[in-house]
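To start, the structure itself, in structure tokens.
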Amino acid sequence: MSVRVRFAPSPTGHLHVGGARTAIFNWLFARHHDGTFIIRVEDTDQARSTLESEAMVLDDLRWLGLAWDEGPYRQSERLDFYARLSRELLERGVAYRCYCSEEELEQKRKQAEIDGRPPHYDLKCWFNRRDDDAPHAIRFHVPDDGDVTINDLIRGEITWRKESLGDFILIRSGGFPIYNFCVVADDHDMRITHVIRAEEHLTNTHRQVLIYRAMGWDVPEFAHVSLILGQDRSKLSKRHGATSVNAYADEGYLPDAMFNYLTLLGWSSPDAKEVFSRDEAIASFSLDRVNSAPAVFDSQKLDWLNGQYIHAMSASDLVPLVRKFFDAPWLEEGIDVVKTSVHRLTQFSDALKFVVEYTPPSVDREFATKLADELRTNGTPTDADTYHAMVERLKAATGLKGKALFMPLRLAITGLDHGPELVRSIPLLRHASEVDSRVLSPLSRVERCIA
Ligand code: GLU
């Protein structure tokens, strides 16, 4: 049987890192097994779901490179299907019409709390079954053999007792189906073989398996992926900084790095590799290497990993990505000079600030005068050879070497006491000053130190 999995976002905002990781695990599992990856939009919560949010979530998935094979299906377009199935459940006698009003149910819940009983439905409409058209919900009856055991592919064997559940609603009065019902109906209809989803849905699984059984349907495999925590070990939330995928795009993370990092949040590759391509991840992905313990989101590690991806890219490939944050006619050369110091695309503008901005620092006047003479006489270095030749002549002219030579040289030319290698920065500044009127040439910089 070929593998079919789905990612089922509720479109109530941008895609969050937790959802993105669930999507990635589904995608990897599908690709590893040559299976089918399906997107299903769970938009039956009319108050919170928007088409705008659906578009954002789909964009976020595309940005991460998670192409889907089927969908997006929308639950809001399948209401007739759920209604038909609920009638089937009524006919089978496993569900019934419940005519209790909201107020009545609230009253019963309160009473149960006062009596110290679980807030389960008291079965009034189960014992007095009717089928008239007065406003009613459709409620599922938990059968006597309602214990459920699953063998979760990540968490192992899990059992729920019948007693922990009361009869629960499938379709609200007014006709709107509830989440647990739609999920089962769709997972069956879409022939989903493996339900890979967040741990928070584990408690729904009891109800869902009972619905499968009542319909006489095969139960899929389940794999519940653990939570993502912040550094303080509480559930990852806005307090911890960016949590939505688009915010990471805006902050200059690369989709490949994000994909790699999120894959590592809970999964480890069999050869303990931390930087891997999508193809490598597809080849080695399996659910039995997904950790059942919560994963801790480590933004420093993400930065490190993003840096690895940036450093591995050519400057010309980086140009269109960096251009969103910073642009200049000499951008490609600039990127090439500073890229090993950068961890996020947004950092290029800071790393290249020394090219467009210059404040004359205080440097020894005699040194600056000799340096200016050197640049006037022999020209400004355009490459490594001319740079090294300049350094040799400066050593001879000033009698300085090592730090005593390179620090004032760096200060006079870049205006800063740190930065990329001078052998790269000086030719960059020269070329940049030729094509960009904002950029002062090395010689004009040194002249400003003297003036
Ligand atoms: N729509 C649910 C959510 O966004 C997912 C349900 C499921 O995967 O079964 O959390």
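Counting begins at 1 with the first residue of the sequence. First listed ligand is number 1; within each ligand, the first listed atom is number 1.
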One line per pair, note the atom names and distance for all nitrogen or oxygen contacts under 3.5 Å between ligand 1 and the protein.
unit_1, atom_1, unit_2, atom_2, d
ligand 1, 1 (N), Ala8, O, 2.8
ligand 1, 1 (N), Ser10, OG, 3.0
ligand 1, 1 (N), Glu42, OE1, 2.5
ligand 1, 4 (O), Ala8, O, 3.4
ligand 1, 4 (O), Ser10, N, 3.4
ligand 1, 4 (O), Ser10, OG, 3.1
ligand 1, 8 (O), Arg6, NH1, 2.7
ligand 1, 9 (O), Arg6, NH2, 2.8
ligand 1, 9 (O), Tyr179, OH, 3.3
ligand 1, 9 (O), Arg197, NH1, 2.9
ligand 1, 10 (O), His201, NE2, 2.8

Give the minimum heavy-atom separation between Val355 and Arg445, together with the two atoms involved.
-> O-NH2, 2.9 Å
May I have all residue pairs that pass salt bridge (Lys or Arg N to Asp or Glu O under 4.0 Å) and include part of residues 247-265, sequence neighbours excluded?
-> Asp256-Arg278
Below 3.5 Å, can you tabulate the donor-acceptor pairs from side chains in residues 190-201 to any protein atom, sequence neighbours excluded?
unit_1, atom_1, unit_2, atom_2, d
Thr193, OG1, Arg4, N, 2.9
Thr193, OG1, Arg4, O, 3.2
Arg197, NE, His224, NE2, 3.0
Arg197, NH1, Gln208, OE1, 3.0
Arg197, NH2, Thr205, OG1, 3.0
Arg197, NH2, Gln208, OE1, 3.0
Glu199, OE1, Leu227, N, 3.1
Glu199, OE2, Arg155, NH2, 3.4
His201, ND1, Tyr179, OH, 2.9
His201, ND1, Asn204, ND2, 3.2

Non-neighbouring partners of Asp60 that pass side chain to side chain donor-acceptor pair (under 3.5 Å), sequence neighbours left out | His14
Charged N to carboxylate O under 4.0 angstrom, Asp132 versus Arg130?
-> yes
Geometric class of the His206/Trp160 ring pair [parallel <30°, tilted 30-60°, perpendicular >60°] = parallel
